[in-house]
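I have placed the structure first, in the form of structure tokens, so that the comments after it can refer back to it.
All values below were derived from every heavy atom in this structure, side-chain atoms included, with hydrogens, water molecules and symmetry-related copies excluded.
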Amino acid sequence: MDRATDLLVIAFATWTLVYHLGLLVRPPTWVLLAAWAAVLAALAAGFGWRARAAGPRAGGARALWADPPVRTWTGVPRAVTAVAVVAGTGAGVSAGLHEHGVPWWCAWVLGGIGVAALAYGVLRGRGTPPGPSPQAPPPREWASAVACVTAAGFAVFSWFTVNSDGDDAYFVSRSVATATGGRIPFQDVIFTGGTTGPIAGEPPVSSIEVLAGALARLVGMHPTSFLWYVVLPAVTFLAVWAMWRLVRAWAPRWALACFAVAAVYLLWSGLGQASLGSFHFPRMWQGKAVLVSAMVPLLYVYLTRWAERRTRGTLLLLAAAGVASVGLSSSAALVVPLVTVAAAGPLILSGRVRTGLGACAAMAYPLGAGAAVALLHEDTSVIGAFIDAPDGFSWVLLSGVMGVLTGCALWLAPLTARRGVPSLIVAGTAGVATLLLVPGVLRLIGDATGAGQVMWRTMWVVPAPVLVGLLVTLRPPARFPALRAAGRAVPVTAVPVTMAAALCAVLVAAGTPVWSAGNGSTVADRPSWKYSKRELATARAVLREAGRRAPGHGAGVGAGDGAVNGGGEGGGALVLMPQPYMRAVPLLTTRDHAVNPNTHYLRLLPASRTFIDDRLLLTTLVSSPGAPDPDAARVRDALRRSGVTAACVRRKDRSELRLLETAGYRGRLHIGPLTCVFPPRG
């Protein structure tokens, strides 16, 4: 499974390179797929030839160079350990309880003190022989089997969990447009048929949406169904297995107990749309969710392996992981360098300069891609409200009891992780996270990169589920012999089971399940699209009726999940409905369009002010019945300029319906919970 995961990373990195070349020459997607298959075949032949030429080697691949011994916490004065524990615990409690009145300065000041003590401990402790620590015996085969079954369970559950997200108007529509036209969508496909430029702040560097659309077109499957029935369970399985790999790499003992706690943390961290649990199987079809859930843990796995082994194969995986991260999300240009610095910084400070510089191979491509986007695009800024450090911590790493556990796990990680390289890397993670939490730092980075609205994603540098799982490995300090003696009297297997059960109980009691209604989720009785069935069915019916009434336009949206419409730009219907129904349209087709599936993206559209204002006015008319009705003349002009072919309101919204009829729309037709009217023919 580990080798299969590595091969998938290399394969997707190869696809991303082919896709980025395709951005320059713009061939059909079948050409991109053929080129990808040819490159993969060549790589497989090259690696096979090299393996046969090298022959069997005892002891595996040889390290590129020798490094100084890795320092451990052994020999550190007890006062330093006490400062690290007290300050780290205080920082975790302060960060988790900030929303309950604890001043924010307590979190980053205590965190800084704790990081300083941790840095002294991991950099000044006694040296150990280089290589993997003997404290980390490989888990038994049955433990990996349990992890594999858990990953499969997450994957199956992803079919039944429905948690719609407004960003699907962008991400899913790119796959739908790719499957429809057989080419990379360079222009807007959400609001128009490619007659306006792309959404600002969304450079087309991510390749996963186009890959999904191209493969769906190849197999003759609706791209949205392909995303939710094929891609989603596959990447969910990959993410859980990546978490298991990181637990095995970092846990000094009791890896399966740590993994169990990490899995429970993910399942019960549904306190908001930005939590790590919400970015897992409830929305893993989005590339950014795959980045934080699967690629960040794999990056830490590869960085740990590189620091311990320094082989060419691991260096290749590091570089491939960086490329693959860019193919998942443009946020990789922000997240991957932070993860790399968290590992490379401590390595360099500990005297392993060449190894630290070699680790920077992971961030080479993300930084290059970010620089290329900045040079080739006039405006890459992401418009929206800036989220400062306290809110970013609460959004991603949670608040209350869950936030306290996450914070303590972060700042105590060098004491819970395996001694040597893992403790060095998690100390770097704590240091980077603490620096990001200092007031003004996120604002500074956001102003420099134009990513102010998404700066909260820098918290993805913290692999919180694994760090919380590592709390299971805590042992009573040696200065309390009574506790040590009591521990020795307990059966060995009872210790991790008891600690894991206690932590899981706290997580279940304090957390919110990601599948609960409180997290905006529902559990379907069968594998399902990630949208309300009623709203999907209504949107399909409205599109069919609008297409039937539009001259020269054939209805192309079936009642099921059938094939995508053919056709090119123009000729499609434009429907106006309450926004929950309009959000479903880009999931179904990119030939027909909705007036406004997502207001955030509409404001970022490089279109005229009149175009945007008209659509905002019409959206307010049909989606906000409590708001004052706009002027009838403005409604009539907005409908005429937009070219709406079907306008629908909820049946109880009679004043809004009268406004539409005053503007010349007639032929009332009840479709589901909506009443629709249509412009006169001709």
Side-chain angles (χ1 to χ4, degrees), residues 87-115 118 262 265-266 268-280 288-289 291-293 296 331 334-335 338-339 341-342 384-414 426-446 449 451-471 506-507 510-512 514 519:
T89 304
V93 172
S94 300
L97 298 181
H98 169 68
E99 290 190 351
H100 299 272
V102 178
W104 184 247
W105 66 264
C106 294
W108 61 268
V109 168
L110 290 175
I113 295 173
V115 167
L118 293 171
Y265 176 91
L266 279 177
W268 266 268
S269 57
L271 295 177
Q273 288 297 304
S275 68
L276 297 180
S278 296
F279 266 99
H280 211 265
K288 57 187 176 182
L291 172 65
V292 62
S293 301
V296 167
S331 295
L334 190 66
V335 176
L338 292 174
V339 173
V341 168
F386 173 77
I387 306 300
D388 58 5
D391 288 336
F393 186 97
S394 298
W395 277 26
V396 179
L397 305 180
L398 308 180
S399 61
V401 175
M402 298 288 285
V404 168
L405 278 176
T406 306
C408 292
L410 168 64
W411 278 293
L412 297 180
V426 294
T429 302
V432 169
T434 302
L435 180 62
L436 294 173
L437 297 180
V438 175
V441 172
L442 289 185
R443 174 75 69 176
L444 179 64
I445 301 175
T449 60
Q453 194 265 344
V454 295
M455 285 307 298
W456 55 269
R457 294 182 188 174
T458 57
M459 294 295 105
W460 290 353
V461 72
V462 181
V466 173
L467 298 185
V468 172
L470 290 179
L471 291 175
V506 173
L507 293 171
T512 300
V514 295
N519 195 41

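Rounding to the nearest 0.5 angstrom, the gap separating the CG atom in L271 from the OG1 atom in T512 is 4.0 Å. Interatomic distance, L412 CG to L470 CG, rounded to the nearest 0.5 Å: 11.0 Å. To the nearest 0.5 angstrom, I387 atom CD1 is 12.5 Å from M459 atom CE.
Between the side chain of T434 and the backbone N or O of A430 there is at least one donor-acceptor pair closer than 3.5 Å. Proximity of a side-chain donor or acceptor of Q273 to a complementary backbone N or O of N519 within less than 3.5 Å is detected.
Using a 4.5 Å heavy-atom cutoff, the side chains of L507 and M402 are in contact. Within the 4.5 Å cutoff, the side chain of V514 has no heavy atoms near those of the L266 side chain. The shortest distance between side-chain heavy atoms of L334 and M455 falls below 4.5 Å.
Here side chain to side chain donor-acceptor pair (under 3.5 Å) pairs that include residues 88-97, with residues two or more places apart or in two chains, number zero. Residue pairs satisfying the side chain to side chain donor-acceptor pair (under 3.5 Å) criterion with at least one member in residues 397-410, sequence neighbours excluded, are listed as follows: E99-S399, Y265-T406.
Evaluation of the side-chain contact (heavy atoms from CB on, under 4.5 Å) rule for L444 yields no partner, not counting sequence neighbours. With sequence neighbours excluded, the residues satisfying side-chain contact (heavy atoms from CB on, under 4.5 Å) with D388 are F386, P390, D391. Looking at residues two or more places apart in sequence or on another chain, you find no side-chain hydrogen bond (donor to acceptor under 3.5 Å, both in side chains) involving S269. Listed by chain and residue number, W460 satisfy the ring-ring contact (aromatic ring centres under 6.0 Å, His included) test with F279 (two or more places apart in sequence, or in another chain). Considering only residues two or more places apart in sequence or on other chains, L338 meets the side-chain contact (heavy atoms from CB on, under 4.5 Å) condition with V432, L436, T458, V461.
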Compile the donor-acceptor pairs under 3.5 Å between side chains in residues 100-112 and protein atoms, sequence neighbours left out, one pair per line.
from: W104; atom 1: NE1; to: L437; atom 2: O; distance (Å): 3.0

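The minimum heavy-atom distance between W456 and A274, with the atom names listed, is CZ3-CB, 3.8 Å. Here the shortest heavy-atom pairing between G431 and V115 reads CA-CG1, 3.8 Å. The two residues G270 and S278 have their closest heavy-atom pair at CA-OG, 4.0 Å. For G96 against F393, the heavy-atom pair with the smallest separation is N-CE2, 4.2 Å. Of all non-hydrogen atoms in A262 and P465, the two that sit nearest each other are CB-O, 3.2 Å. Closest of all the heavy-atom pairs between L467 and A409 is O-CB, 3.5 Å.
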(message) Does V401 form a side-chain contact (heavy atoms from CB on, under 4.5 Å) with V506? I'd like the steps, not just the answer.
(response) CA-CA 8 Å; V401 175; V506 173; 3.8 Å; yes
